[in-house]
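Single-structure report; data block below.
What you see below is based on every heavy atom in this structure, not just the backbone, and it leaves out hydrogens, waters and symmetry mates. Here is how names work: the chains are called A, B, and so on, in the same order as the sequence lines, proteins then strands, and each is numbered from 1. Remember, it's a predicted structure, so these values are computed and weren't measured experimentally.
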There are 2 protein chains.
Amino acid sequence: MKKQTMHEFMNITKALADATRVRTLLSLRDGELCVCQITELFGLAPSTVSKHLSILFQAGLVESRKEGRWIYYQLPGKTAPPVIREALDWVIRVNATAPDAIEDSERLSLILKENPADLCKRQCQK
Amino acid sequence: MKKQTMHEFMNITKALADATRVRTLLSLRDGELCVCQITELFGLAPSTVSKHLSILFQAGLVESRKEGRWIYYQLPGKTAPPVIREALDWVIRVNATAPDAIEDSERLSLILKENPADLCKRQCQK
DNA sequence: CTCTCATATCGTTATTTGGCGAAATGAAGA
DNA sequence: TCTTCATTTCGCCAAATAACGATATGAGAG
């Protein structure tokens, strides 16, 4: 078990203190998403979503993977430290039945039916 | 299990997104403290500490009890909803060995040796 | 009742943070 | 090579927040 400073811990709690970032984590529950899919889901500017993802990444709450031109974000695997796994389990379990989360989930399932390439083009032209 | 909105959940994460408030929760680990003891511990203005406690209270992360002129704050008991207990367990377990928390703990043990009445007088005259 | 005193509320100020659009980056395609 | 395009970084603005001191509150003490 890694020794944890309070400063690192505060990076996690600050990352969790924004609704868009919490909704992002919940949306990654069922698998990875690329930036433009998340952008479409929340209706925010790509730069804004990128900033949120960077904050989640620095806190250790998401990992990223590059494939072609896209960058996919996902929840961390089993290598993640316990503090991270516990936080994610808590966030996901508590909000599993929250109306906002269910709405996001429904919109996400529509987005996943679209061709990612079309989605990205639409997002990046805004 | 109570139905949980994301808004209520964000009250909790926002309350946890400040180092002073996290340190306050850790300091209450071993029992209740009155406002002036917490004020002394952190070297902040009484009004600032009061505000922090109010934010923790509204999130459900602390309870309060009035005795004479003092108001004692403590961690919630078994009646607290699971989301709160899980959050507190996580916060306390992860930071148990954090240097900042240990420092606070040492300073707190000195404060607990003092007469509370003297402490309050000193704080409130600042 | 009046005074004291612990705490809470209010008003202000400085800092932080979330949002956007424009420009930079950097890898894949032509 | 030159272009395209997904993402990131930068600069700016508006809103939120933490800090303080001053004032308000309200429950004991005298």
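- Between Ile55(B) atom CD1 and dA8(C) atom C1' the separation is 13 Å, expressed in whole Å.
- Nearest nucleotide to the Ala45(B) side chain, out of dA18(D), dG21(D), dT17(C): dG21(D).
- Leu41(B) and Ile55(B) are assigned to two separate hydrophobic clusters, defined by single-linkage of ILVMFWY side chains at heavy-atom distances under 4.5 Å.
- Rounded to whole Å, the distance from CE on Met10(B) to P on dG18(C) is 10 Å.
- The shortest heavy-atom contact between Phe9(A) and Gln4(A) is N-NE2, 3.5 Å.
- Separating the CH2 atom of Trp70(B) from the C1' atom of dT7(C) is a distance of 13 Å, rounded to the nearest angstrom.
- Heavy-atom contacts from other residues, nucleotides or ligands closer than 6.0 Å to CZ of Phe57(B) number 12 or fewer.
- When the side-chain nitrogen and oxygen atoms of His52(A) are compared with OP1 and OP2 of dT17(C), none of them lie within a distance under 4.0 Å.
- Residue contacts for Tyr73(A): at a heavy-atom cut-off of 4.0 Å it reaches the sugar-phosphate backbone alone, with no base atom in range.
- For the atom pair Asp89(A) CG and Trp90(B) CH2, the distance stands at 11.5 Å (nearest 0.5 Å).
- When the C1' atom of dC5(C) is taken as reference, atom CD of Gln37(B) falls 16 Å away, rounded to whole Å.
- When distances are taken from the side chain of Asp18(A) to each of dG21(C), dA18(D), dG18(C), the shortest belongs to dG18(C).
- Each side-chain hydrogen bond (donor to acceptor under 3.5 Å, both in side chains) pair with one or both residues in residues 50-61 of chain A, not counting sequence neighbours, appears once here: Arg21(A)-His52(A).
- Atom P of nucleotide dT25(C) and atom CD1 of Ile71(A) are separated by 16 Å, given to the nearest angstrom.
- The NZ-P distance, from Lys51(A) to dC13(D), rounds to 16 Å in whole Å.
- The Cys34(A) side chain lies nearest to dT7(D) when the options are dT7(D), dC20(D), dT9(D).
- Bending across the helix from dT4(C)-dA27(D) to dA30(C)-dT1(D), expressed as the angle between its end axes from five pairs apiece, amounts to 30° (10° rounding).
- Distances shown here put every side-chain N or O of Arg69(B) at or beyond 4.0 Å from the OP1 or OP2 atom of dG26(D).
- Residue Lys66(B) is in sugar-phosphate contact alone, with no base atom involved, counting any heavy-atom pair closer than 4.0 Å across all strands shown.
- Checking dT8(D), dT9(C), dT17(C) against the side-chain heavy atoms of Ser50(A) singles out dT8(D) as nearest.
- Nearest-nucleotide mapping onto DNA chain D: of Thr48(A) and Thr48(B), the residue sitting toward the 5' end is Thr48(A).
- Atom CG in Leu53(B) sits about 11 Å away from atom P in dT9(C), given to the nearest Å.
- The side-chain hydrogen bond (donor to acceptor under 3.5 Å, both in side chains) contacts involving residues 66-84 of chain B comprise Arg65(B)-Glu67(B), where partners must be two or more places apart or lie in separate chains.
- Here the C1' atom of nucleotide dT17(D) and the CG atom of Asn11(B) are 14 Å apart, to the nearest Å.
- Contact between Glu40(B) and Ile111(B) at its shortest, heavy atoms only, is CG-CD1, 3.5 Å.
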